[in-house]
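Here the structure comes first, spelled out in structure tokens, and everything after it is commentary.
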4 protein chains.
Amino acid sequence: MLQAPHTEYAGPRAPGIRMNDGLMPGLTTQYGPAEDALLEAYHLFDKAHLVMLGEEQLIPREDAAAMLTALREMEAEGVSIVRNQVGGGMHSAEQYLIRRLGYNVGGRIHLGRSTGDFGAVARHLRERTRLLELIEGIVALRTAVLDLADQHLETVMPGQTGSQPAQPVTLAHQLLHWSATLDRHAQRAAQAYARVNQSPAGAAILTGSSFAMNRHRTAELMGFDGVITNTFDAIQGHDDELDTIELGVSLNISLARWSNDLNFWSTAEAGYVRIPDAFCGSSSIMAQKRNPAILPAIRNAASEALGAYATTAASLITTTGEFGGDGGDGLHRTFDSAVRGMNWLALLLPALEVNTERMLEAAGSHWAQATDVAAALVTELGLPWRVGHQVAAVTVRLAEERAIHPLDVTTELLDEAAVLYMDRPVGLAPAALASALDPAHFVAARTLLGGPAPSEAARQLTEHRTSLADTARDLEQRSAALDAAAATLEAAIDARIESSEG
Amino acid sequence: MLQAPHTEYAGPRAPGIRMNDGLMPGLTTQYGPAEDALLEAYHLFDKAHLVMLGEEQLIPREDAAAMLTALREMEAEGVSIVRNQVGGGMHSAEQYLIRRLGYNVGGRIHLGRSTGDFGAVARHLRERTRLLELIEGIVALRTAVLDLADQHLETVMPGQTGSQPAQPVTLAHQLLHWSATLDRHAQRAAQAYARVNQSPAGAAILTGSSFAMNRHRTAELMGFDGVITNTFDAIQGHDDELDTIELGVSLNISLARWSNDLNFWSTAEAGYVRIPDAFCGSSSIMAQKRNPAILPAIRNAASEALGAYATTAASLITTTGEFGGDGGDGLHRTFDSAVRGMNWLALLLPALEVNTERMLEAAGSHWAQATDVAAALVTELGLPWRVGHQVAAVTVRLAEERAIHPLDVTTELLDEAAVLYMDRPVGLAPAALASALDPAHFVAARTLLGGPAPSEAARQLTEHRTSLADTARDLEQRSAALDAAAATLEAAIDARIESSEG
Amino acid sequence: MLQAPHTEYAGPRAPGIRMNDGLMPGLTTQYGPAEDALLEAYHLFDKAHLVMLGEEQLIPREDAAAMLTALREMEAEGVSIVRNQVGGGMHSAEQYLIRRLGYNVGGRIHLGRSTGDFGAVARHLRERTRLLELIEGIVALRTAVLDLADQHLETVMPGQTGSQPAQPVTLAHQLLHWSATLDRHAQRAAQAYARVNQSPAGAAILTGSSFAMNRHRTAELMGFDGVITNTFDAIQGHDDELDTIELGVSLNISLARWSNDLNFWSTAEAGYVRIPDAFCGSSSIMAQKRNPAILPAIRNAASEALGAYATTAASLITTTGEFGGDGGDGLHRTFDSAVRGMNWLALLLPALEVNTERMLEAAGSHWAQATDVAAALVTELGLPWRVGHQVAAVTVRLAEERAIHPLDVTTELLDEAAVLYMDRPVGLAPAALASALDPAHFVAARTLLGGPAPSEAARQLTEHRTSLADTARDLEQRSAALDAAAATLEAAIDARIESSEG
Amino acid sequence: MLQAPHTEYAGPRAPGIRMNDGLMPGLTTQYGPAEDALLEAYHLFDKAHLVMLGEEQLIPREDAAAMLTALREMEAEGVSIVRNQVGGGMHSAEQYLIRRLGYNVGGRIHLGRSTGDFGAVARHLRERTRLLELIEGIVALRTAVLDLADQHLETVMPGQTGSQPAQPVTLAHQLLHWSATLDRHAQRAAQAYARVNQSPAGAAILTGSSFAMNRHRTAELMGFDGVITNTFDAIQGHDDELDTIELGVSLNISLARWSNDLNFWSTAEAGYVRIPDAFCGSSSIMAQKRNPAILPAIRNAASEALGAYATTAASLITTTGEFGGDGGDGLHRTFDSAVRGMNWLALLLPALEVNTERMLEAAGSHWAQATDVAAALVTELGLPWRVGHQVAAVTVRLAEERAIHPLDVTTELLDEAAVLYMDRPVGLAPAALASALDPAHFVAARTLLGGPAPSEAARQLTEHRTSLADTARDLEQRSAALDAAAATLEAAIDARIESSEG
């Protein structure tokens, strides 16, 4: 009955409809890039939307069935192949269906929908996928971190503050910090997931539509946990973009900090670790070079990530009704680098060559243990902390001025310092001083909650293994829920097609 | 018994102890600025730490009592006055106590503690305060937003996309988006609060100490909900800084978007709202000027906030052991502007002069209602969406070319467009066209979930009032918990002092 | 004589040389991406370097000739095709020459050179190209700006400050600001060009080499204006990166500001300009939509640019000896968008539909002319400026309260205001008031230096045409110098090959 | 004749004039903060403007004289004291003069001027001051850098790339890079100065005025080198802000890179330099601590600077007619930290304790000299570079695997490597190998242009001294020009006052 227009359907922007002229080349990306991840998101929305339209009889059920059948055939050919062929980006299914089934059928798919909820649905779908990938990467890296920590509960090394030796720590003690940080990143990602996995579908461009859309059903069929109720909010709310990208920035920065640690530890001057060949580049001129290429790559990703955040943030300082946001480019690059960095580190850690002798030697050679000289004066002799600390400080100064190695310091020197400071010697027992100067003893004495003593670190390690298992289980449950929703959708499509054929 | 050093105690950096020379002026801020909020945080930590040291008998109980008594006296004089007088920033209590009670008593306060956990405790305390203030501001603004929405459920105006009239909306519909966004910001702040309100106390500088510190007790006395277990993590974990500041950035950006909306609405060209005098500046040359000064102030705060984020992020791309972070300056400026902006808007909204006639007129004059001309062709005549849409688009083009006002369009023009598009007229009833062209009808027809129809918006409003009440109640509970902890601390101090006096 | 290694040459990073294991896939980009622009830069350096090595007899002249001949053959086949086939990125020529001519010849190309100066030379070459493109874009846009200004010397419209009507201006007056800004950007680019077009070649990795390299000659053959003397500086100096990218950021921001102006002018509410179809997108749901897609694209490019700057800046906050910088990605994207935006605007401006009636009407309707009511009181009656201004301000308030259009204001109202303000009327002549209220008169009276009066604007326009011609001429001279250097290089290659063949 | 209003003059924003209500507290900063530097800028503009108004007879000459006399009296009392007392920020002179001399005289100062050119003039004046301070700081630091270089022409140390030992360099060689970089920063600052030192005065708010202002004269009296012609451009052009702040960012980043170098060199692990006490903080718990507090302070300033840039850039992405920009706060903080950092480093460098033995030892111990083993094979034996390089690389690998110190490597090992690589020994003379392995020889052999050989470095040093003297002289000339302009202004004021009194 309906007469098709005289030319092949070319999308709503074709000249001769609203406008007389065509669009300037270079501006044709108006419906977004057509990368595969986006095309898959559009495809999912197309299917769920059609099922709902049919169920609610907003379009003839047989038209819904015909379109769903055609989309099944598209899947057989390859969704991205067909859609890229057809063109039209987010409207590629409509173009495909109109050309194939005519306006009277294919022209019905876009009822109650718009570029607005199309874009928003695709963004939320991709954000949820990226968040799950991020958590997956966290699980992988945290596993490697805890495995390495398990091997180095007694590996004593200097911990730094202000880039100077601060106190003896263990490698495990530091790795537990990495693990705790990753756990917090996973928590944030899970919380963001709950906000992100909400459906904008049916909000159309700002107001929904005058059709009786079942927004809950479309949401359910796409695996969303709920609906973003207000339709203006569903389209113009962009706070999820910033919230999500920030997780990637923050994680990249954590990775950069640890890469920088590894970078310092692997300098010739420190020599605490050696980065294996597989992670190193060489030089075309310097015959000796082994550059740990993996480490600046991770560090620079953090710089890129903060720039992506600044871009996204600046692009949102518009009116509500302007086109802002960076289209997801920053988000995806930030998540790509975070996931890549975690996977790289998960490969590096088990292969890392740790020079435990050099670490221990350094822990004792630069006065990192001085805190416990002060502590010994408190514990053994009852001096107030501040007095013990000052006497120890004078001792360090004298030793340094006279080039005495920390492990060679005697109670005589300590007494000399005490006399200088308060006109009397302290009389610490030589054995107590020797203990205080021993970095391994320093660590072993720290059995307090969260301390580096091997026993306490082992206890923390067990707790971390448990929380890691919880994270992994939650991740699996989220994936399973998405799989279940996908199955529900396919079953609903089957039902629609069958009832139409029957 | 112990002889004091020969000069008045001047802190651990005094020349003659570890170093021979004094510190270059300008670098003396090493223990942080001494603003009041910091001094209060230090004071709280000092008290809780002393109570715990006494309870655990890590120092003589009578010394703990004497020091707590002295701190009570300091409070009577004014904490910030005394501490600024004494100097030493985070170590001002120690300086005060040593000078007042001598080394043998005052010299004992710093046992098991360091600049490291001092700074971390103060940061966490301040972050939790700022987060509560943020939620308080959200509650205030959201209240004003919902009150205004309640008055404008039927105020029809054009909604924009791409800066062009998109569809008729109501003012309430947009304000519900504001409210929903504020609700998400409050959720994020509450989740961040749970991560932030954890105690680093007892972690000292990296490893805790060899003393049997009761970290849970100190945490409890300061109102923390738990302990950051790993002591390296407690000091070198800075992800809370970025996490917290980001909340402020994101909120500032939401405020900027809405200010930009108000800014456009208040241009002479739009004339939708008038910003009352109290929020406007004038000009020294242009006699007519009323500049809505509040709006660029809010917008520019968002730019400042994103810069603060970039600063903090960049400052953290160091090794774990370097001094990074921006010391909280960016965080506090970002939260200051977010809270200020919310409070300003909460004052502005009830005073806003809304030109409902002009809004309604604009909603009908620029073809914002064209979507429903297409919808009418679908609903009334069964056309596929795409066909209805294209016919409507051709109609708009013709009307525009002939300078016909939307409300003057006739079914003849519609049929002319249909003939152009598909060689036959559509024959829509004039009454159906008239309804389709009426912006108020456009809005009223959108009763779908989350739509702008007054009835549906009123329903959403009720839901929002409930969730707002929940947020307010949770906020009160958090404040009450902090009050209870403060009472516990004071009672423990009383007990210590009394048992010592007894 | 020399025995080749047993396998085909695979670059210095091949396993079995410095390292035992191969590089992890994904890290293999160590010699930089192999995009065409980089390959061309490497090729130029390869040729100039070989000519110099031969001339200075640092390698046998016949070897230089053989290698240059082979590179000529590579050019015949296509530089990027061959190099991408051969692999090795910046070392693709060496790989090609060794495989083709053997180690004894091809193994000699890299003498006195390294990845360090390779990368630095390529960066400087690309920066200079991008800077010339930028200036070219500026010339194109400035031409379009001045052409449009020429047509609108008398097009009166409201100028805004604080988003409110400020004073009547002309379109030409604003466009002269655009032109002046573009001129400053061109000046900066020319100054940056002078700093950028300096050769790092011969600096190798930090120290140059022990060979007697003629650095001036290599520089000259590549068209550089000079040599970066200090070899450490030539490699580790990265300030040119930040300097160059900033030009792109700053220019993008200027473009964004003007796009935002056009965006406001093209709102339905303002209606001052209409963006032609070719620059507009439509909507899949809103039948009326014409979204000026070009404008947010330009605005968002500015956000992207500032993020790129933040990335580059953050990536440079390392030690001198770390690998920082973002590899040029941010620079190239920033320049791409700046050039694209200028070219787009240069197409848009001649096509812009300007609604001069609406502009003039708006210039008179919102009291933009109030400044000259005050001025009339000064000029005609000798009132002090401040008194004239206050009387005018009271007049505006009264008119607004009584809904009197500015053009309908009478001397009676003015006197009423004067009485209110200072207890006496002012008695301005009705004709003087009428002149003061006329926006065209407002503009015409501003003949001061730089003012909007058509005569003065025409004078400025002539000046701008002259400075634009200067910029275009300088640009041509720079291009000609590069062409001359290229000819010198080819002649030197000819000479080397011929003398070797002779 | 003129009757004053009934109340004391309170500025143009006083209620009862244009508006009925007063401004909300907190928004009262509309005329900008009243810091001293701004008040001085306003004062200068006030005086120059009055002289010009009088000379051009735009106001009665005796009124100009009276006002100038009053401003002289204000100077006697203290400009900032009086202006802060009077209030009104940029309009403080007008408020002062009206209150003191009445409307009939004081009410005439603001003729042909506005908040617009007031703000722009003040910004340009402050930018030029800050730029001169920056250049002054560069001169100071560059002097210290060259002095230190002079002492360390023969101080051999390892230069790094990729954080690994790359090649032996000298400390002087690196410092010449610092000096060259500072020179480029000075060039940029001088070029920016030429663009910044242009006068917006007389542009009023967008269009100048209908009065016959002599803009050249006002400019000259304020020491500007010229006038920003177009009056719209003079007010709405903000590219100078970004241009100027960027100089500060870029310089801060250079300083951060060098601070990071010093930071690494001063780690316990490197031990190349010792930061003197005066630049170090200590610890309240770690008795040994000497934290080089100056270094992270300089590094963190770079992070702050990039954030300030991002803020300023984002704040400018508005329409031309919105109030954007960050009000100069970011600029001033960025310049403050750059100048402070330069001054600090200028103090630190002469006091730096350099451990030349340790540097030399490190230069020879980690194979930094391997490049010249390859070079020896080329020079002595005619091997192609690539072959020499690969043989050297295999040698390094063997030595490392067998824990042979570089200085202990023999020609036997070299031959073993050669056999492995190409089935035959190379037969390098032991003396040639010994030379190649000597880091001091490595440096001494690099006499090429820009190389680290002491003689060539000394030559560069002389060149640098010359260019530094040029920079210092240009700086003095700019200061002298400003002094001359100030004298001209005072003479013109004298003339006005005298002619009026005469």
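Below, read A as the first sequence line, B as the second, and so on, with proteins coming before strands; counting in each chain starts at 1.
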*Would you call A:Arg184-B:Asp233 a salt bridge at under 4.0 Å N-O?*
yes
*B:Arg459, part contacting chain A, at a heavy-atom distance under 4.5 Å*: side chain
*Heavy atoms only, distances under 4.5 angstrom: which of A:Ala234, A:Ala203, A:Gly16, A:Ala256 has the most pairs with chain B? Name it, please.*
A:Gly16
_Tell me which of these, B:Glu400, B:Gln164, B:Arg195, B:Gln160, has more heavy-atom pairs under 4.5 Å with chain A than the rest._
B:Arg195
*Please check if the side chain of A:Asn230 supplies one atom and the backbone of B:Leu176 the other of a donor-acceptor pair under 3.5 Å.*
no
_Can you tell me how far apart CD (B:Gln236) and CD (A:Gln174) are? Round to the nearest 0.5 Å._
8.5 Å
*Would you tell me whether A:Thr320 and B:Arg257 have side-chain atoms, one donor and one acceptor, within less than 3.5 Å of each other?*
no
*Which atom of B:Pro384 lies closest to which atom of A:Asn104, heavy atoms considered*: CG-OD1, 3.6 Å
_Restricting to non-hydrogen atoms, name the atom on B:Leu206 and the atom on A:Gln167 that form the minimum distance, rounded to 0.1 Å._
N-OE1, 4.0 Å
*For A:Ile98, is it the side chain, the backbone, both or neither that has a heavy atom under 4.5 Å from a heavy atom of chain B?*
side chain
_Distance in Å, A:Leu247 CG paired with B:Asp239 CG, rounded so as to fall on 0.5 Å steps_ = 11.5 Å
*Please report the closest heavy-atom contact between A:Val387 and B:Tyr103, naming both atoms and the distance.*
CG2-CD2, 3.4 Å
*Which bit of A:Ala166 comes within less than 4.5 Å of chain B, counting heavy atoms only: side chain, backbone, both or neither?*
side chain
*For B:Asp240 and A:Arg188, work out which heavy atoms get closest and say how close.*
N-NH2, 4.2 Å
*In terms of heavy-atom pairs under 4.5 Å, which option from A:Asp261, A:Asn263, A:Thr207 contacts chain B the most?*
A:Thr207
*chain B contact via A:Pro60 - side chain, backbone, both or neither, heavy atoms under 4.5 Å*: neither
_Structural part of A:Arg215 lying under 4.5 Å from a heavy atom of chain B_ = side chain
_Side-chain donor or acceptor of A:Arg386 paired with backbone N/O of B:Gly106 under 3.5 Å_ = no
*What part of A:Phe211 is in contact with chain B, defined as an atom under 4.5 angstrom from a non-hydrogen atom: side chain, backbone, both or neither?*
both
*asked:* I need the B:Ile317 CD1 to A:Asn260 CG distance, nearest 0.5 Å.
replied: 8.5 Å
_Approximate separation, where rounding is to 0.5 Å, of B:Asn252 CG and A:Leu316 CG_ = 13.0 Å
*Name the option with the most non-hydrogen atom pairs under 4.5 Å to chain A; the candidates are B:Ala14, B:Gly321, B:Gly237.*
B:Gly321
_Sequence-distant partners of B:Thr319, side chain to side chain donor-acceptor pair (under 3.5 Å), two or more places apart_ = B:Glu322
*Could you tell me which of A:Ile253, A:Val394, A:Thr318 has the largest number of non-hydrogen atom pairs under 4.5 Å with chain B?*
A:Thr318
*Taking side chain as C-beta onward, heavy atoms only, is A:Trp385 less than 4.5 Å from B:Arg108?*
no
*For chain B, find which of A:Thr161, A:Val391, A:Leu58, A:Leu111 contributes the most heavy-atom pairs closer than 4.5 angstrom.*
A:Thr161
*Quick one: CD on A:Gln460 to OG1 on B:Thr229, what's the gap to the nearest 0.5 Å?*
6.5 Å
*asked:* Which heavy atom of A:Ile17 sits nearest to which heavy atom of B:Ala393, and what is that distance?
replied: CG2-CB, 3.5 Å
_A:Val105 versus chain B, the contacting section by heavy-atom distance below 4.5 Å_ = neither
*Where do A:Pro12 and B:His389 come nearest, in terms of heavy atoms and distance?*
CB-CE1, 4.0 Å
*In terms of heavy-atom pairs under 4.5 Å, which option from A:Gln390, A:His173, A:Gln187, A:His110 contacts chain B the most?*
A:His173
*Atom CG of A:Leu251 and atom CG of B:Leu242: how far apart are they, to the nearest 0.5 Å?*
11.0 Å
_Let's test your reading of the structure: which of A:Phe264, A:Tyr309, A:Trp258, A:Phe442 forms the most heavy-atom pairs below 4.5 Å with chain B?_
A:Tyr309
*Could you list the residues that satisfy salt bridge (charged side-chain N to carboxylate O under 4.0 Å, His left out) with B:Asp183, not counting sequence neighbours?*
B:Arg142
*Checking side chain to side chain contact (heavy atoms under 4.5 Å, CB included) for the pair B:Asp372/A:Ser210: CA distance, chi angles, key distance, verdict?*
CA-CA 8 Å; B:Asp372 272 6; A:Ser210 52; 4.1 Å; yes
_Contact origin within A:Ser303 toward chain B - heavy atom pairs under 4.5 Å_ = both
*Can you check side chain to side chain contact (heavy atoms under 4.5 Å, CB included) on A:Thr231 and B:Glu456, steps first, answer last?*
CA-CA 11 Å; A:Thr231 55; B:Glu456 168 57 17; over 6 Å; no
_Leading residue by heavy atom contact count with chain A [cutoff under 4.5 Å; candidates B:Thr181, B:Asp243, B:Val169]_ = B:Asp243
*Just say parallel, tilted or perpendicular for the rings of A:Phe232 and B:His177, cut-offs at 30° and 60°.*
tilted
*Proximal component of A:Val378, with respect to chain B [non-hydrogen, under 4.5 Å]*: side chain
*State, yes or no, whether a side-chain contact exists between A:Arg397 and B:Met19 at a heavy-atom distance under 4.5 Å.*
no
